[in-house]
Structure formats: C-alpha cells, structure tokens
2 protein chains.
Amino acid sequence: MENILKTQAVAKPEVINMLKQKGISPTQQRVEIAQILFSKPQHLSADQVMGIVNNGEQRVSKATVYNTLGLFANKGLVREVIVDPTKIFYDSNIQSHHHFYNVDSGELTDIHAHTVQLNSYPELPEGTEADGVDIVVRLRNKKD
Amino acid sequence: MENILKTQAVAKPEVINMLKQKGISPTQQRVEIAQILFSKPQHLSADQVMGIVNNGEQRVSKATVYNTLGLFANKGLVREVIVDPTKIFYDSNIQSHHHFYNVDSGELTDIHAHTVQLNSYPELPEGTEADGVDIVVRLRNKKD
DNA sequence: ACAGCAGTTTAGACAAAGTCTATATTAATG
DNA sequence: CATTAATATAGACTTTGTCTAAACTGCTGT
Ligand SMILES: [Mn+2]
Ligand SMILES: [Mn+2]
Ligand SMILES: [Zn+2]
Ligand SMILES: [Zn+2]
C-alpha cells in the first residue's frame with residue numbers, strides 16, 4: 001500500500017450529490033473515496049486509493065476500496081484504464097479521451113480527445129455493440 | 001491450466017529459422033512453443049500455451065513458458081496485448097493491426113490495420129518516443 | 001424506543017497470474 | 001572428454017484482486 005499525501009479534497013456535499021445522481025447511497029467510505037478521486041483528473045490504482053484514504057485517521061478496508069471502485073466504474077463515475085498488465089487504473093476523468101503509456105516509467109497521461117481522430121470505423125461483429133474505443137500510445141524514454 | 005487440443009503445428013525447420021533470425025537459440029522448449037504460437041494468427045495466454053504444450057508427452061515448466069513468451073515478446077516475435085486485466089494475450093500476428101475485445105465473452109479478435117485510420121497524431125512528451133499505438137474497441141453483446 | 005431488516009463494511013482466507021531463486025540439465029567449446 | 005555458459009526446472013513467493021461469513025449501520029414500522 002503506497003503512502004501518498006492526501007491532496008486538496010473536493011467538497012463533501014458536492015460528491016454526495018454526484019453519488020446520489022448515479023443512485024449510489026453516499027456512505028462514509030464511498031464519500032471518502034470519491035473525495036480523493038474527484039479532487040482532480042487523475043489515474044489511480046486501487047492500491048494508491050487505499051494508501052491515500054488510509055493515510056488519515058479513517059480506516060477503510062481493502063474489500064471496501066475494491067468494492068467501491070468497482071461500483072463507481074459500473075455506474076460510470078470513473079473509467080477503468082487497462083494498460084499495465086499488473087493493475088487497473090481508475091480514471092477520474094470520464095470525458096472521452098485517450099492515453100500515453102510510458103512503459104519505462106509506468107506513467108499514464110492523457111491525450112485530449114480532439115488531438116486524435118479515427119477517420120474510419122470497423123464493422124462490428126454480429127450481435128455486439130461498441131462499448132468504447134481505447135487508444136493507447138505506448139512510449140519509451142529516448143535513450144541517446 | 002486449460003486443456004486445449006494441439007492443432008496443426010508449423011514445420012520445425014521453419015520456426016527454428018524464425019528463432020535464429022532473431023538471435024534466439026532454438027532449444028527444444030522454445031521450438032515447441034513457437035510451433036504452437038505460429039501455427040496460425042491467434043491470441044493465447046501463457047496459461048493456454050502451457051495447456052497446449054503440455055497436452056502431449058513433452059513437459060515444459062511454467063517458468064520456461066513465461067520466460068519464453070517474455071523472450072519472444074522482447075525480440076519482437078510476438079506481441080503482447082493488454083486488454084484483460086487478469087492476463088496478457090500473446091498475439092502471433094505482429095503485423096500492425098488492432099483489436100475488438102468483447103468484455104462479455106473475453107473474446108479477442110483482430111481489426112485489420114487499414115479498417116481504422118488515425119488522421120491526427122498527438123505530440124509526444126519531451127524525451128520520449130512512440131513504441132506503438134494500440135486501438136481497442138470494447139464490445140458488449142447486444143441484449144434485446 | 002426498539003425490533004427487524006436491507007444494505008454495507010470488514011477481516012482474513014483464498015485464487016490466479018506472474019516472478020524469483022537455487023539447483024539441475026543441456027549444449028557448446030576447447 | 002572436461003569445462004563452462006546458457007537454459008530449464010520446481011517450488012516458494014509476491015501482487016492484485018475476489019469471496020465469504022460475520023459484524024455493523026441506518027432506516028422503518030409499531
Ligand atoms: Mn498480471
Ligand atoms: Mn489483476
Ligand atoms: Zn485519463
Ligand atoms: Zn491480433
């Protein structure tokens with residue numbers, strides 16, 4: 001569990017509203033986690049969220065962190081980003097956008113949606129519908 | 001370890017050449033695994049490769065399967081596809097192409113490179129170079 | 001107030017993918 | 001054939017995540 005400083009949290013009533021809007025009852029733990037996530041656009045692993053939330057006094061169990069992140073992802077409050085084979089990143093920005101992934105550093109950064117444009121679109125297999133398009137530009141550090 | 005039927009393997013001398021071409025010494029185990037991988041364009045997990053290779057008489061250890069797939073990926077013989085948070089898929093097709101990922105079934109299928117076109121390209125962060133672009137269209141089964 | 005109840009949280013056991021280490025085996029070299 | 005370098009192996013270990021059964025929380029109706 002990484003030890004990351006808790007940054008400027010977002011106002012409690014605001015996140016409570018966000019949760020209610022999505023039909024999620026705003027429990028202590030969910031609000032805590034939402035305040036961390038939505039303090040800014042960012043990409044956090046479950047482990048990182050765990051580290052931040054348990055930095056202060058309030059303890060939240062591992063199961064609850066995973067449950068909550070899963071719930072938020074399901075309800076569309078956060079977006080799961082799959083680029084690192086060892087863990088999921090939860091993206092607090094649900095606006096359509098894409099990612100750079102630096103395979104050397106593990107760093108994940110945003111590509112604004114308008115920066116990239118798909119100009120043709122593949123035909124979907126029978127009986128399926130698109131759930132989203134993920135574009136990842138893998139980066140390596142230039143070594144010279 | 002899944003139990004998958006060993007399909008038509010590719011000729012041994014052919015894969016031995018492929019390995020040599022990339023500076024890989026063609027050991028028994030590596031050749032076995034290469035024959036499975038390159039029998040056709042496909043996406044296999046380490047576990048699946050393990051299941052196929054150990055279906056017959058010849059036993060190959062878990063460590064060797066993982067070492068070999070990692071080596072092949074490093075040398076550019078196969079391509080790692082990261083779409084499922086629980087495992088890596090090894091793609092025996094290294095031609096530039098993209099993927100559909102059915103989140104309901106876990107099925108991974110190809111999108112031919114020409115079917116999709118990026119018409120603008122983001123500026124890379126300082127000190128980095130692009131290693132590749134992965135486009136994944138997530139699919140769900142239409143339920144109606 | 002308070003019993004009852006659904007929803008939530010929790011500790012800790014468990015599972016799956018993958019890595020690591022120390023040893024054994026194999027292959028190449030002189 | 002003897003020596004050495006490269007590989008392969010078993011199995012312990014790590015990490016991320018899931019599951020289960022028990023405890024807790026906060027309402028609801030009386
Ligand atoms: Mn993994
Ligand atoms: Mn995982
Ligand atoms: Zn993002
Ligand atoms: Zn493919």
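So you know, we letter chains A, B, ... as the sequences are listed, proteins then strands, and number each from 1.
Sorted by first and then second residue, the salt bridge (Lys or Arg N to Asp or Glu O under 4.0 Å) pairs involving residues 117-135 of chain A (not counting sequence neighbours) are Arg79(A)-Asp134(A), Asp131(A)-Arg138(B), Asp131(A)-Arg140(B), Asp134(A)-Arg138(B).
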Contacts under 3.5 Å, N or O only, protein and nucleotides 11-17 of chain D:
from: dT16(D); atom 1: O3'; to: Thr86(A); atom 2: O; distance (Å): 3.4
from: dG17(D); atom 1: OP1; to: Ile88(A); atom 2: N; distance (Å): 3.0
from: dG17(D); atom 1: OP2; to: Tyr66(A); atom 2: OH; distance (Å): 3.1
from: dG17(D); atom 1: O6; to: Lys62(A); atom 2: NZ; distance (Å): 2.9

**Sugar-phosphate or base contact per nucleotide [nucleotides 23-30 of chain C; S, B, -; heavy atom under 4.0 Å]** = --------
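In this structure, Thr128(B) and Asp104(A) have side chains that are not in contact, with every pair of non-hydrogen atoms separated by 4.5 Å or more.
For the pair Gln48(B) CD and dG18(C) C1', the computed distance is 16 Å after rounding to whole Å. Atom-to-atom, CG of Asn67(A) to C1' of dA21(D) comes out at 14 Å; the value is rounded to the nearest Å. Spacing between atom CZ of Phe89(B) and atom C1' of dA16(C) amounts to 14 Å, rounded to whole angstrom units.
Contacts of Thr86(A) classified as side chain to side chain contact (heavy atoms under 4.5 Å, CB included), with partners at least two apart in sequence or in another chain: Asp84(A). Under the side chain to side chain donor-acceptor pair (under 3.5 Å) criterion, Ser61(A) pairs with Thr64(A), not counting sequence neighbours. For Pro85(B), the side chain to side chain contact (heavy atoms under 4.5 Å, CB included) criterion is met by Ile82(A), Ile88(A), not counting sequence neighbours. The side chain to side chain contact (heavy atoms under 4.5 Å, CB included) check on Ala130(A) picks up Tyr121(A), Leu124(A), Val137(B), with sequence neighbours excluded. Scored by the side chain to side chain donor-acceptor pair (under 3.5 Å) test, Ser25(B) finds Arg30(B) as partners (sequence neighbours excluded). Under the side chain to side chain donor-acceptor pair (under 3.5 Å) criterion, Tyr66(B) pairs with no residue at all, not counting sequence neighbours. Residues passing the side chain to side chain donor-acceptor pair (under 3.5 Å) test with His99(A), sequence neighbours excluded: His43(A), Asp91(A), His97(A), Asp110(A).
Hydrophobic cluster of Val103(A): the remaining members, joined at side-chain heavy-atom separations below 4.5 Å, are Val81(A), Val83(A), Phe89(A), Tyr101(A), Leu108(A), Val136(A), listed by chain and number.
Direction change of the helix axis from one end of the helix from dA1(C)-dT30(D) to dG30(C)-dC1(D) to the other is 10°, with five pairs defining each end axis (rounded to 10°).
Contact annotation: Arg59(B) side-chain N/O to dT9(D) OP1/OP2 distance is not under 4.0 Å. Using a 4.0 Å cut-off, no side-chain N or O of Ser25(A) falls inside it from OP1 or OP2 of dG7(C).
With dT8(C), dT9(D), dT7(D) as the choices, the nucleotide that has an atom nearest any side-chain atom of Ser61(B) turns out to be dT9(D).
Rounded to the nearest 0.5 Å, atoms OG (Ser92(B)) and CG (Leu77(B)) are 11.0 Å apart.
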